[in-house]
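All chains are named by letter (A, B, ...) in the order of the sequence lines, taking the proteins before the strands, and each is independently numbered beginning at 1.
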2 protein chains.
Amino acid sequence: MKATLDQIVAEARELFRERGYAGASMQDLADRVGLKKPSLYTRFPNKESLVPEVLALTLDETFADLHEESCEWTVEYEAIIRRIATTLSDRQRCIGLHLAYGVSEDTPLAATAVRGYFAALRDRIANVLARGVEANRAEDLATDALVRLEGATLWIITSGDVRPMERAVSSLIDEAKRLAH
Amino acid sequence: MKATLDQIVAEARELFRERGYAGASMQDLADRVGLKKPSLYTRFPNKESLVPEVLALTLDETFADLHEESCEWTVEYEAIIRRIATTLSDRQRCIGLHLAYGVSEDTPLAATAVRGYFAALRDRIANVLARGVEANRAEDLATDALVRLEGATLWIITSGDVRPMERAVSSLIDEAKRLAH
DNA sequence: GTCTATAGAAAGATAGAC
DNA sequence: GTCTATCTTTCTATAGAC
């Protein structure tokens with residue numbers, strides 16, 4: 001199988017997304033990537049160290065091919081909101097939210113990574129909004145947009161219903177267009 | 001100590017809220033209520049059976065002293081939205097959301113209980129809204145309100161910032177008042 | 001009803017052979 | 001670099017004394 005680091009991290013992400021931090025085991029991960037448990041520990045010192053890697057990979061993928069400053073800001077805003085919403089709907093649940101709820105003082109490096117993950121998402125959205133509104137307001141609007149999308153995953157999990165996510169996306173985009181006028 | 005059933009369930013809720021389903025242990029719970037582990041198993045057949053009890057208690061508390069049909073629907077709507085938001089802000093995180101993310105096919109009774117919990121919350125909000133808008137729309141609006149409040153807990157967890165929750169509450173109440181006119 | 005004691009499985013992590 | 005084997009702890013859950 002010859003699993004690469006990125007493949008292991010991607011599998012770890014799946015595992016964390018499905019079972020959460022506490023519910024995911026190194027044995028499960030080893031099985032999924034076709035390695036024995038001790039071989040995992042040659043690449044990662046412990047389970048907690050997987051969390052920053054998982055979130056960094058996810059950030060990279062989320063921002064891939066999203067060109068900044070290349071068009072009107074409302075178009076770019078719509079693109080990033082839809083990118084996040086589509087990813088959440090496809091995967092059913094948010095790895096970041098699951099980890100945010102799952103890590104604690106016992107896992108400080110993981111907790112720091114989660115904070116950084118959401119701050120990065122917010123900042124990226126805020127940067128787009130700042131082209132149309134004042135900076136402080138852009139940050140608040142970005143935060144509110146993000147938590148709305150995240151909240152909508154709750155309904156996907158509990159009932160499989162993606163319409164709250166779709167309504168959140170529509171509402172956010174409409175609000176942005178209203179701000180632009 | 002002589003722990004009552006309700007006290008045990010309340011402690012279990014704290015534990016689930018802090019550590020999630022997988023991260024909470026029966027040993028921890030036993031320690032918190034001053035019993036030995038086998039004594040817990042005389043009251044609850046297994047860990048999963050705690051979940052429906054925890055959510056039922058939480059529903060009861062959420063709806064306590066919220067009188068229905070006693071005033072204008074916008075006032076009642078504001079009361080229930082604020083009740084939910086205040087509870088979430090005080091407790092920092094949502095037990096229901098944590099459990100929604102934490103239970104799976106391995107714990108079908110718990111998963112069913114979580115679905116029922118959020119359906120009950122939505123229905124209660126929808127009932128209020130139905131006094132002002134058409135029934136289908138009331139259900140959608142109730143769902144959207146609920147997921148917005150739940151999503152705002154993410155920012156409380158990751159940064160301790162309750163302002164996204166406060167903005168969500170203001171926005172929801174403003175929207176309701178606009179609908180009432 | 002609550003306890004001591006323990007079973008049996010699984011967790012995170014490491015030693016050391018190859 | 002990957003493995004077998006193992007350590008230590010912790011988990012859910014139960015048997016059985018009092």
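As rounded to whole Å, 15 Å separates atom P of D:dT12 from atom CZ of B:F44. As rounded to whole Å, 14 Å separates atom C1' of C:dA11 from atom CG of A:L40. In this structure, B:L35 places its CG atom 13 Å from P of C:dG1, rounding to the nearest Å. A:K36 places its NZ atom 5 Å from the P atom of D:dT4, with the value rounded to the nearest Å.
Side-chain contact check for B:L35 versus B:R43: some heavy-atom pair is nearer than 4.5 Å. Counting heavy atoms from C-beta outward, A:I8 and A:E11 have side chains that stay 4.5 Å or more apart. Put simply, the side chain of B:R83 does not reach to within 4.5 Å of the side chain of B:F63, judged on heavy atoms. In this structure, A:I156 and A:R93 have side chains that are not in contact, with every pair of non-hydrogen atoms separated by 4.5 Å or more.
A donor-acceptor contact shorter than 3.5 Å is absent between the side chain of A:S89 and the backbone of A:T86. Between the side chain of B:Y101 and the backbone N or O of A:C94, at least one donor-acceptor pair lies under 3.5 Å.
Sorted by residue number, the list of members of residues 12-31 of chain A with any non-hydrogen atom under 4.0 Å from DNA chain D is empty.
With distances taken from any side-chain atom of A:K37 to the nucleotides C:dA13, C:dT4, D:dT2, the minimum falls on C:dA13. Among C:dT14, C:dT2, D:dT2, the nucleotide with an atom closest to any side-chain atom of A:Y41 is C:dT14.
In terms of position on DNA chain C, the residue among A:E48 and B:P38 whose nearest nucleotide sits closer to the 5' end is B:P38.
Note on A:R43: a side-chain N or O is less than 4.0 Å away from OP1 or OP2 of D:dT2.
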